Number of protein chains: 2
Amino acid sequence: MFSKTCEYAIKATIFIAQQRDGITCVGVKEIAKGIHAPEYFVAKILQELSRKKIVSSVKGPNGGFCMSEAQMNKPVLDIVLLIDGDGLLNSCVLGLEHCSNINPCPMHHEYQKIKQSVRNMLEKNTILDFNNLVLAKKAVLFMN
Amino acid sequence: MFSKTCEYAIKATIFIAQQRDGITCVGVKEIAKGIHAPEYFVAKILQELSRKKIVSSVKGPNGGFCMSEAQMNKPVLDIVLLIDGDGLLNSCVLGLEHCSNINPCPMHHEYQKIKQSVRNMLEKNTILDFNNLVLAKKAVLFMN
DNA sequence: ATAATAAAAGATATTATTGTCTTTTATTAT
DNA sequence: ATAATAAAAGACAATAATATCTTTTATTAT
Ligand code: SF4
Ligand code: SF4
């Protein structure tokens, strides 16, 4: 479904969102541990997310990554689009060059609904929404 | 969603199913052209599908690949499970080590429904079903 | 000012996926 | 029997995804 990169990106932002004040920073090392992902790899991903203003970053002592209210309230779709592109939402399940209702692939009608509900899920749920589940201990970001 | 290998596998079987008699063989070259996929690659895939009895193969002149009634009537899920494994159906969207209702990932509840409808689509639709759409010119296997 | 800190940037390594080519084996028509 | 055909098998190549390491730059506490 998602690339590893994208999975880590989603989990990292959900993790960062635990600092609700929008000011307190959390470092890569801590993030990587908190989501059970390779440190240097998430560092790279966070760089990208920072460039694209999905998260904010601060260098130096007490630095790290943080998110503003506005950033937390973005739909998870934003991250997916940024990292994996719109393939999941707009390209053919069977890899046809373009999607079209006129000449669709055999799975078209069956798949349309699924594609719609994936879009819906990613659009209506914000990073904060998912973080709320974690804070309420109704969900986890890693397993032992 | 699916790997390229799996996409080709699905399209190849749908293409082979066009020979409805279950006897007439169609060669790799023709299949590859019919689904716009790299010839040697689909050859490899068909080898695997043949080993696992998803299709039948005949060597020598007039040889190639064919499918019996029983084979055509298998759900597309069989191919997906064979090629991509059960990851799509059974593993966590966010890559948690195991899926569990007790300690789910934050997207669990949202994703469960989608996973279910993917399974449903792949279970209830047979290769023949999709091929019928192609024969009826309601769907295509490639584009120009 | 200086040293410590932590991200940014760049380079490199590893692995998995995708794609191609060559040789071998089985089948069939002649 | 023989030659032609086509898949099976094995080896190889190219690319993309994932992961790691090193150097540089910005920030801050001292
Ligand atoms: S299913 Fe239809 S919409 Fe979906 S991908 Fe294939 S052609 Fe495109
Ligand atoms: S969502 Fe739930 S079921 Fe789906 S994957 Fe994550 S933990 Fe597993």
Side-chain angles (χ1 to χ4, degrees), chain A residues 1-13 15-16 19 23-67 80 82-85 87-88 94-95, chain B residues 1-13 15-16 19 23-67 80 82-85 87-88 94-95:
Chain A
M1 190 113 192
F2 304 130
S3 67
K4 277 277 159 220
T5 309
C6 194
E7 285 179 13
Y8 295 152
I10 296 171
K11 286 194 270 193
T13 53
F15 185 85
I16 295 168
Q19 260 61 40
I23 299 166
T24 313
C25 283
V26 49
V28 215
K29 202 162 285 184
E30 197 183 335
I31 296 170
K33 270 179 192 156
I35 65 174
H36 279 202
E39 179 183 335
Y40 293 114
F41 196 17
V42 305
K44 279 286 166 217
I45 298 166
L46 286 169
Q47 247 173 65
E48 176 76 2
L49 293 177
S50 175
R51 263 195 297 273
K52 300 292 175 58
K53 312 293 181 198
I54 302 280
V55 303
S56 304
S57 75
V58 180
K59 282 185 177 182
N62 304 320
F65 297 88
C66 59
M67 298 175 76
V80 175
L82 182 69
I83 305 285
D84 283 349
L88 189 61
L94 291 187
Chain B
M1 190 109 190
F2 305 129
S3 68
K4 275 283 159 216
T5 308
C6 194
E7 284 179 13
Y8 295 152
I10 295 171
K11 286 195 268 194
T13 52
F15 185 86
I16 295 168
Q19 260 60 41
I23 298 167
T24 313
C25 282
V26 48
V28 215
K29 203 162 283 184
E30 196 183 336
I31 296 170
K33 271 179 191 156
I35 65 174
H36 279 203
E39 180 183 336
Y40 294 115
F41 197 18
V42 304
K44 279 287 164 215
I45 298 166
L46 286 170
Q47 246 175 65
E48 177 76 2
L49 293 178
S50 174
R51 263 195 297 271
K52 299 293 174 57
K53 312 289 181 203
I54 302 281
V55 302
S56 304
S57 75
V58 180
K59 282 186 179 181
N62 304 320
F65 297 89
C66 60
M67 297 176 76
V80 175
L82 182 69
I83 305 285
D84 282 350
L88 189 62
L94 292 186

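Here the structure is a predicted model, which means the values were calculated and not measured. A note on names: the letters A, B, ... follow the listed sequences, proteins ahead of strands, and every chain is numbered from 1.
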- With the threshold set at 4.0 Å, does a side-chain nitrogen-carboxylate oxygen contact exist between B:E30 and B:K33? no
- Message: Please compare B:G60 and B:S3 by the position of their nearest nucleotide in DNA chain C and report the one closer to 5'.
- Response: B:S3
The side chain of [X] is closest to which nucleotide in this list: [options]?
{"X": "A:P61", "options": "C:dG19, C:dA8, D:dT27", "result": "D:dT27"}
{"X": "A:T5", "options": "D:dT18, C:dT25, C:dA8", "result": "D:dT18"}
{"X": "B:F41", "options": "C:dG19, C:dA6, D:dT18", "result": "C:dG19"}
{"X": "B:Y8", "options": "C:dT25, C:dG19, D:dA19", "result": "C:dG19"}
{"X": "B:Y40", "options": "C:dT20, D:dA19, D:dA9", "result": "C:dT20"}
{"X": "B:K44", "options": "D:dA7, D:dA11, C:dA7", "result": "D:dA11"}

Calculate the interatomic distance between [X] atom [atom1] and [N] atom [atom2]; express it in whole Å.
{"X": "A:Q47", "N": "D:dT25", "atom1": "CD", "atom2": "P", "answer": "14 Å"}
{"X": "B:L49", "N": "D:dA8", "atom1": "CG", "atom2": "C1'", "answer": "14 Å"}
{"X": "A:I54", "N": "C:dA7", "atom1": "CD1", "atom2": "P", "answer": "18 Å"}
{"X": "A:K59", "N": "D:dA26", "atom1": "NZ", "atom2": "P", "answer": "6 Å"}
{"X": "B:E39", "N": "D:dA6", "atom1": "CD", "atom2": "C1'", "answer": "11 Å"}

Given that both distances must come in under 3.5 Å, which nucleotide forms a Watson-Crick or G-U wobble pair with [N]?
{"N": "C:dA7", "result": "D:dT24"}
{"N": "D:dA17", "result": "C:dT14"}
{"N": "C:dA1", "result": "D:dT30"}

- Quick one: is C:dA8 close enough that its OP1 or OP2 comes under 4.0 Å of any side-chain N or O from A:S50?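 Answer yes for this pair, as a side-chain N or O of A:S50 is under 4.0 Å from OP1 or OP2.
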- Query: Do the side-chain N or O atoms of B:S57 get closer than 4.0 angstrom to the phosphate oxygens (OP1, OP2) of D:dA8?
  - Reply: yes
- Task: Look at the side chain of A:S50 and the backbone N and O of A:L46, then say whether any donor-acceptor pair between them is shorter than 3.5 Å.
- Result: no
- Query: Start at the 5' end of DNA chain D and walk down; is the nucleotide closest to A:N62 or to A:K4 reached first?
  - Reply: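 The 5'-side residue here is A:K4.
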- Query: How long is the gap from OG1 on A:T13 to CD1 on A:I31, to the nearest 0.5 Å?
  - Reply: 9.5 Å
- Message: At 4.0 Å (heavy atoms only), tell me whether B:K29 reaches a base, stays on the sugar-phosphate, or touches nothing.
- Response: nothing
